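None of the values given here were measured: they were computed from a predicted structure. Below, each value reflects all heavy atoms present in this structure, side chains not excepted, and no hydrogens, waters or symmetry copies.
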Amino acid sequence: MEKVTIKIMCLALVLALTGCSGTSEKDIQKVPDKSAQALFSDARASLDNGLYQKAIQILSAIDSRFPYGPISHQVQLDLIYAYYKSGNAAQGLALTDRFLRLNPSHTNIDYVYYMRALINVATQENLFQNLAGIDRSDRDPTAARDAFKDLKIVLEKYPNSKYAADARQRMLAIKSRLAKYELSVARYYLKREAYVSAANRGKYIVEYFSPSPETEEALEIMIVCYEKLGLTDLQINAKQVLAANYPNNPSVAQ
């Protein structure tokens, strides 16, 4: 009970720190009347010190007052980062979408794709569930799929990008996340004796997420479903694949 209480207290503290992520016109008006460069220096100082809400306030002011200035693009790039760090996914995604639409040939476009992926990944990380140790592999994977697509763009279109190596590692993690989701759906169908749907989900995991820790159970589900459906040839094939890759699996000897 004490551990749960501590987790809840930590959650409350984090929510208090990140709960207010938006910047209103009134907030912008509070920013001192300085040159764009002077304000940009203030914003960078705030970013360096982890004061992301303050950075958002200043950067938003620059973006509003000097929309076509020489540093306008860098201001927007820094603002994307600040939104990401502050947990404001909605604003971050909106700004990345706008930047990609208006500046498709920008020299830092790889960074924008990379940041949009990170923001989408962050939306998948439910803080309360992580703190409480709750497994939610069954939650909607749309944001994870979107992140995977953007990371793939970084790898394929910008292979020399300094973000490529990290993008590759993150894709592996997302791949596991998506495989877990598909497996949870396969289990759901199996439990409800929807054998065709369960088998198809298992097949999808084997085809698109192998090798992965979820592949073994996916094959097990396929074997059970094919047996229930009387599809002997498919059952034998699935068992052969299981035996070749997981020779110690109990289903192999059956």
Side-chain angles (χ1 to χ4, degrees), residues 13-125 127 143 146-170:
L13 175 60
V14 173
L15 291 178
L17 293 173
T18 62
C20 301
S21 300
T23 301
S24 65
E25 184 62 33
K26 186 176 181 181
D27 292 329
I28 292 176
Q29 291 174 358
K30 292 178 182 179
V31 176
D33 187 13
K34 297 182 180 180
S35 68
Q37 193 59 55
L39 288 174
F40 187 64
S41 296
D42 292 343
R44 277 294 177 89
S46 296
L47 286 175
D48 291 341
N49 289 302
L51 303 174
Y52 302 115
Q53 291 302 325
K54 183 177 180 181
I56 289 172
Q57 184 180 17
I58 299 171
L59 291 167
S60 297
I62 301 172
D63 194 40
S64 175
R65 297 173 189 174
F66 310 98
Y68 305 108
I71 60 172
S72 61
H73 286 164
Q74 188 57 54
V75 166
Q76 292 171 29
L77 293 174
D78 285 356
L79 194 51
I80 289 171
Y81 177 76
Y83 281 138
Y84 165 65
K85 295 297 289 186
S86 68
N88 192 331
Q91 291 288 347
L93 291 174
L95 186 52
T96 55
D97 290 347
R98 188 183 80 177
F99 194 98
L100 290 169
R101 185 175 66 254
L102 299 178
N103 309 283
S105 301
H106 194 274
T107 55
N108 293 321
I109 205 70
D110 58 327
Y111 172 77
V112 182
Y113 279 114
Y114 175 73
M115 286 305 303
R116 188 167 69 175
L118 294 194
I119 294 170
N120 269 313
V121 168
T123 65
Q124 292 282 290
E125 298 170 352
L127 180 60
D146 290 342
F148 192 88
K149 291 177 184 177
D150 281 336
L151 294 172
K152 187 176 181 180
I153 289 174
V154 174
L155 278 179
E156 293 183 349
K157 289 190 175 182
Y158 313 98
N160 297 322
S161 169
K162 64 181 179 180
Y163 309 106
D166 187 62
R168 183 177 290 103
Q169 292 301 315
R170 289 181 181 276

* Output the distance between atom CG (D48) and atom CZ (R44), rounded to the nearest 0.5 Å. => 7.5 Å
* CE/M115 to OG1/T96 distance, rounded to the nearest 0.5 angstrom? -> 9.0 Å
* Asked: Going by heavy atoms in the side chains, are R116 and D97 under 4.5 Å from each other?
  -> yes
* To do: Examine distances only and state if a side-chain atom of S60 and a backbone atom of Q57 form a donor-acceptor pair shorter than 3.5 Å.
  => no
* Asked: Which atom pair, heavy atoms only, marks the closest approach of A143 to T123?
  -> CB-OG1, 3.3 Å
* Tell me, with the steps shown, if N49 and K54 meet side chain to side chain contact (heavy atoms under 4.5 Å, CB included). => CA-CA 10 Å; N49 289 302; K54 183 177 180 181; over 6 Å; no
* Structure fact -> Closest non-hydrogen atoms of I119 and I80, given as atom of the first, atom of the second and distance, are CD1-CG2, 4.3 Å
* Might you point out which heavy atoms bring R98 and Q76 nearest each other, and give the distance in Å? => NH2-CD, 3.6 Å
* Asked: How about D33: does its CG atom have over 12 heavy atoms from other parts shown lying under 6.0 Å from it?
  -> no
* To do: Please identify each residue that fulfils ring pair (Phe, Tyr, Trp, His ring centres under 6.0 Å) with F40, with sequence neighbours left out.
  => none
* **Any Y52 side-chain heavy atom under 4.5 Å of Y84 side chain** => no
* Would you call K34 and D42 a side-chain contact if the rule is heavy atoms closer than 4.5 Å? -> yes
Could you give the side-chain donor-acceptor pairs of residues 99-106 under 3.5 Å, partners two or more places apart or in another chain?
residue: N103; atom: OD1; partner: H73; partner atom: NE2; Å: 2.9
residue: N103; atom: ND2; partner: F99; partner atom: O; Å: 3.2
residue: H106; atom: ND1; partner: N108; partner atom: N; Å: 2.9

* Which heavy-atom pair separates A43 from A55 by the least distance, and what is that distance? -> O-CB, 3.9 Å
* Spatial distance of atom NZ (K85) from atom CG (L51) [nearest 0.5 Å] -> 12.5 Å
* Quick one: pull up CG in D63 and OH in Y68 and give me the separation to the nearest 0.5 Å. => 10.0 Å
Below 3.5 Å, can you tabulate the donor-acceptor pairs from side chains in residues 157-165 to any protein atom, sequence neighbours excluded?
residue: S161; atom: OG; partner: D110; partner atom: OD2; Å: 2.6
residue: S161; atom: OG; partner: Y163; partner atom: N; Å: 3.0

* To do: Find out whether F66 and V75 are in side-chain contact, i.e. whether some heavy atom of one side chain is under 4.5 Å from a heavy atom of the other.
  => no
* Please report the shortest heavy-atom distance between I71 and A36, naming the atom on each side. => CD1-O, 3.8 Å
* D166 side, atom CG; L155 side, atom CG - distance, nearest 0.5 Å -> 10.0 Å
* **Nearest-0.5 Å distance that lies between atom CD in Q91 and atom CG in L79** => 8.0 Å
